[in-house]
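These notes are about the structure you will find just below.
Every chain is numbered from 1, with letters handed out A, B, ... down the list of sequences.
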Protein chains: 2
Amino acid sequence: MMELTRKGEYAIRGIVYLAGKPLDKVCLLSDIAAAVDVPPTFLAKIFQQFSKIGLVRSFRGTGGGFLLGRAPELITLLEVVEAVEGPIIPNRCVCAPQDCDRSAFCNVHPVWKRVQGQVRDVLTGVTLRELADGNNQQ
Amino acid sequence: MMELTRKGEYAIRGIVYLAGKPLDKVCLLSDIAAAVDVPPTFLAKIFQQFSKIGLVRSFRGTGGGFLLGRAPELITLLEVVEAVEGPIIPNRCVCAPQDCDRSAFCNVHPVWKRVQGQVRDVLTGVTLRELADGNNQQ
DNA sequence: CCTAAAAAGACATTATGTATCCTTTTAGGG
DNA sequence: CCCTAAAAGGATACATAATGTCTTTTTAGG
Ligand code: SF4
Ligand code: SF4
């Protein structure tokens, strides 16, 4: 239960790699993919998603590539995860109580709310800066 | 991400229903399924799993059915969830660091450990007694 | 023995995850 | 103005997991 998908794992690897580079260093997708050991075509899809919401910026054509959309200390792990995995929802009713007609009197419902809060808190408390420091720094 | 499956949801509904009954009241699967609005055949599979690990006790044949394996205040939500969904694993490496050769220098790894701990803490802090009280009590 | 009820196992269907491939767009450089 | 590099977008293929259902077997009471 509650398992991150490959996509999410790859997404984190990729963007943490970027976070370890200078902010203005344009990185080739193929280089990133090779460095973090992710299928390049898959990572391409992931970075397209990142690009759409501004987490990374992209440049096409010769000399193109990717760089981080913001300073790594301003990007939380929660943002990254939710960008590719969708919102943190331990149970359907957390997001859509109206879908379950038991939610009115259900004592389990608030527990999932609490789980959601805790997970979000942990992930919000971690920035890409912290994740990048100590390893792929150069 | 992190979404409970139907199976998990159904499992909780079913066992919470049992927890709301007297400890010695044998309940028919068909009755439970109807009361908590779950496909009976599916709930049967779930309760078989519960039965194997002693979370519920079962009796076959005429007059048979299910009852709770222990007092509801002694069964945590974590037990119930892990029984049907498997362990709480936010990422593969939490359970098997050796599977990822990056785990040695990875700063993300401890974050997932923390997530796991928080979720488990929340679920451990809730017993079936608390979940049953206030609604299907009779 | 007959019937009620759970256990066990096989099967069917759908949804999700995990990619790959091909075509199109964009941009730089000669 | 072309040629090439590189990302964007769309379609597709395959594997795995989720969500059930069905049938047969075992167990137990009356
Ligand atoms: S029964 Fe309770 S926990 Fe389950 S989906 Fe409905 S509100 Fe949520
Ligand atoms: S890279 Fe880090 S977070 Fe990802 S699987 Fe490996 S150890 Fe875990």
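- The pairing partner recorded for D/dT26 is C/dA5, the criterion being a Watson-Crick or G-U wobble arrangement whose two distances lie under 3.5 angstrom.
- Residue B/Ser58 places at least one side-chain N or O under 4.0 Å from the OP1 or OP2 atom of C/dA7.
- More than 12 non-hydrogen atoms from other residues, nucleotides or ligands lie less than 6.0 angstrom from CG of B/Asp31.
- At most 12 non-hydrogen atoms from other residues, nucleotides or ligands lie less than 6.0 angstrom from CG of A/Asp37.
- Neither B/Tyr17 nor B/Val26 shares a network with the other; the hydrophobic side chains, linked directly or stepwise wherever heavy atoms of I, L, V, M, F, W or Y lie under 4.5 Å apart, form separate groups for each.
- Listed nucleotides D/dC22, D/dT19, C/dA19 differ in distance to A/Arg92; the shortest reach to its side chain belongs to D/dT19.
- The CG-P distance, from A/Leu43 to D/dA7, rounds to 10 Å in whole Å.
- Computed from coordinates, the A/Lys52 NZ to D/dG10 C1' distance equals 11 Å when rounded to whole Å.
- Residue contacts shown for B/Phe66 are limited to sugar-phosphate atoms, with no base heavy atom under 4.0 Å away.
- B/Ser51 comes within contact range of the sugar-phosphate backbone alone, with a heavy-atom separation under 4.0 Å but no base atom that close.
- If you measure from atom CZ of A/Arg6 to atom C1' of C/dA19, you get 11 Å, rounded to the nearest angstrom.
- With hydrogens and angles ignored, no donor-acceptor pair closer than 3.5 Å exists between the side chain of B/Lys45 and the base of D/dG20.
- Put simply, CD on B/Gln49 is 11 Å from P on C/dA8, counting in whole angstrom units.
- Where B/Thr62 and B/Leu4 each meet DNA chain D at their nearest nucleotide, the meeting point lying more 5' is that of B/Leu4.
- In this structure, SG in B/Cys27 is found 11.5 Å from CZ in B/Phe59, a value given to the nearest 0.5 Å.
- Put simply, A/Tyr10 has a side-chain N or O that comes within less than 4.0 Å of OP1 or OP2 on C/dA19.
- Between A/Gln48 atom CD and D/dA11 atom C1' there is a gap of 13 Å when expressed in whole angstrom units.
- Residue side chain B/Lys7 does not reach the base of D/dG20 through any donor-acceptor N/O pair under 3.5 Å, judged by distance alone.
- B/Ser51 OG to B/Ile46 CD1: the interatomic distance, rounded to the nearest 0.5 Å, is 13.5 Å.
- Atom CZ of B/Arg60 is separated from atom P of D/dG29 by 12 Å (rounded to the nearest Å).
- Within the 4.0 angstrom heavy-atom criterion, only backbone atoms of the sugar-phosphate kind lie near B/Thr5; the bases stay farther away.
- One interatomic measurement links the two molecules: CG of B/Leu28 to P of C/dA4, which rounds to 12 Å at whole-angstrom precision.
- Nearest-nucleotide positions on DNA chain C place A/Pro40 closer to the 5' end than the other of A/Phe59 and A/Pro40.
- A/Glu9 places its CD atom 16 Å from the C1' atom of C/dA19, with the value rounded to the nearest Å.
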